[in-house]
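These notes concern the structure reproduced below.
All of these numbers come straight from a predicted model, not from anything done at the bench.
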Amino acid sequence: KIEDYRRQKKLLSIANKNQYNNLLFHENALGVFTKNSMMIWKNLDNNKTILAGATIYKNQNTYDNVLMEITNHSYKTIYKQRVPVPISMWKFWIEQGANAYFFNNPIIEYKKSRVGVFICYEQLLSYTYFHTMLYNPDYIIGISNLWWVEDKSIVKIQKRSLKLWGILFKKDVYYSANR
């Protein structure tokens with residue numbers, strides 16, 4: 001889609017102008033990511049790595065809500081959402097919508113660190129935190145896509161939840177959300 005192309009070009013520009021080499025962008029920042037998307041990211045500065053949310057379609061009806069790792073020469077899915085929002089995203093009674101990976105990837109390996117990842121709704125569930133903390137991550141990150149939220153308090157709730165779980169388990173927390 002043209003919107004995804006434009007969005008990714010804008011993120012590329014932001015990344016290349018940014019002083020930091022490792023950047024975290026929000027849930028679904030990339031939109032639908034395909035192999036063709038890498039044509040855009042070949043222009044990413046050599047020393048930069050992007051972590052960003054994306055949608056990866058498995059077929060016409062189902063998709064994965066993921067966290068991607070992108071450099072100027074490679075990309076990979078490093079996390080698949082364990083618990084998408086029931087009913088609006090995850091439609092467990094039909095083969096349609098987001099896939100759920102309840103017991104998969106409680107942590108990821110990123111730059112020689114063990115990292116706990118929480119995408120949007122997962123930041124509100126005790127299960128995902130306990131599941132992740134069993135594997136003792138070095139730090140935790142959260143990403144959210146909050147364009148649909150009229151009540152702006154959800155941003156504060158998610159951020160506060162991540163922060164409190166980080167304090168409880170003595171973990172640094174990094175968070176990215178759009179508004």
Side-chain angles (χ1 to χ4, degrees), residues 1-34 37-38 40-41 43-45 48-57 63-72 75-86 88-90 97-101 105-108 110-111 113 115-125 128-129 132 137 139-166 171-179:
K1 295 191 297 191
I2 193 70
E3 302 90 30
D4 296 332
Y5 171 80
R6 287 184 183 136
R7 184 180 316 153
Q8 290 185 43
K9 290 288 283 185
K10 183 178 179 180
L11 290 175
L12 173 67
S13 175
I14 291 168
N16 282 335
K17 290 176 185 174
N18 199 293
Q19 66 180 344
Y20 298 104
N21 289 334
N22 297 296
L23 297 167
L24 176 64
F25 290 116
H26 62 85
E27 176 188 14
N28 204 29
L30 301 172
V32 176
F33 193 88
T34 67
S37 299
M38 256 328 275
I40 297 166
W41 293 99
N43 296 315
L44 184 64
D45 289 348
K48 304 263 185 185
T49 302
I50 305 301
L51 295 181
T55 300
I56 307 286
Y57 274 90
Y63 64 92
D64 292 336
N65 195 23
V66 304
L67 182 65
M68 304 286 299
E69 178 183 359
I70 301 172
T71 66
N72 66 349
Y75 69 94
K76 64 182 173 181
T77 298
I78 59 174
Y79 178 80
K80 293 180 180 179
Q81 189 173 29
R82 289 174 282 176
V83 189
V85 179
S88 66
M89 288 176 70
W90 176 49
N99 295 306
Y101 296 91
N105 52 243
I107 62 162
I108 62 167
Y110 177 70
K111 305 251 180 182
S113 293
V115 182
V117 178
F118 302 91
I119 298 178
C120 202
Y121 181 66
E122 294 172 333
Q123 296 162 24
L124 305 174
L125 304 174
T128 53
Y129 290 103
T132 295
Y139 60 92
I140 59 178
I141 61 175
I143 59 173
S144 296
N145 180 7
L146 300 170
W147 63 266
W148 55 273
V149 177
E150 289 182 28
D151 178 4
K152 300 300 180 200
S153 66
I154 192 69
V155 176
K156 292 177 188 172
I157 293 167
Q158 286 180 335
K159 206 171 186 179
R160 188 170 293 139
S161 177
L162 269 170
K163 183 178 179 180
L164 291 173
W165 284 98
K171 306 295 178 191
D172 289 333
V173 175
Y174 302 92
Y175 181 72
S176 179
N178 65 339
R179 295 184 195 194

- Message: Main chain of Leu23, side chain of Lys48: is a donor-acceptor contact present, judged purely on distance under 3.5 Å?
- Response: no

- Item | Heavy-atom donor-acceptor pair, Glu122 side chain to Val83 backbone, under 3.5 Å | yes

- Query: For Leu67 and Leu24, which heavy atoms make the closest approach, and how far apart are they?
  - Reply: CD1-CD1, 4.4 Å

- For Met68 and Leu30, which heavy atoms make the closest approach, and how far apart are they? CG-CD1, 4.0 Å

- Query: Do the side chains of Asn178 and Asn28 get nearer than 4.5 Å, heavy atoms only?
  - Reply: no

From [X] atom [atom1] to [Y] atom [atom2], the distance as rounded to the nearest 0.5 Å:
X	Y	atom1	atom2	result
Asp45	Asn72	CG	CG	8.0 Å
Asp172	Ile141	CG	CD1	12.5 Å
Tyr57	Asp64	OH	CG	11.0 Å
Tyr75	Phe33	OH	CZ	6.0 Å
Tyr129	Ile140	OH	CD1	6.0 Å

- Going by distance alone, is a donor N or O of one side chain under 3.5 Å from an acceptor N or O of the other, for Ser144 and Tyr175? yes

- Query: Between Thr128, Asn65, Thr132, which is the residue that forms a side-chain hydrogen bond (donor to acceptor under 3.5 Å, both in side chains) with Arg82?
  - Reply: Thr132

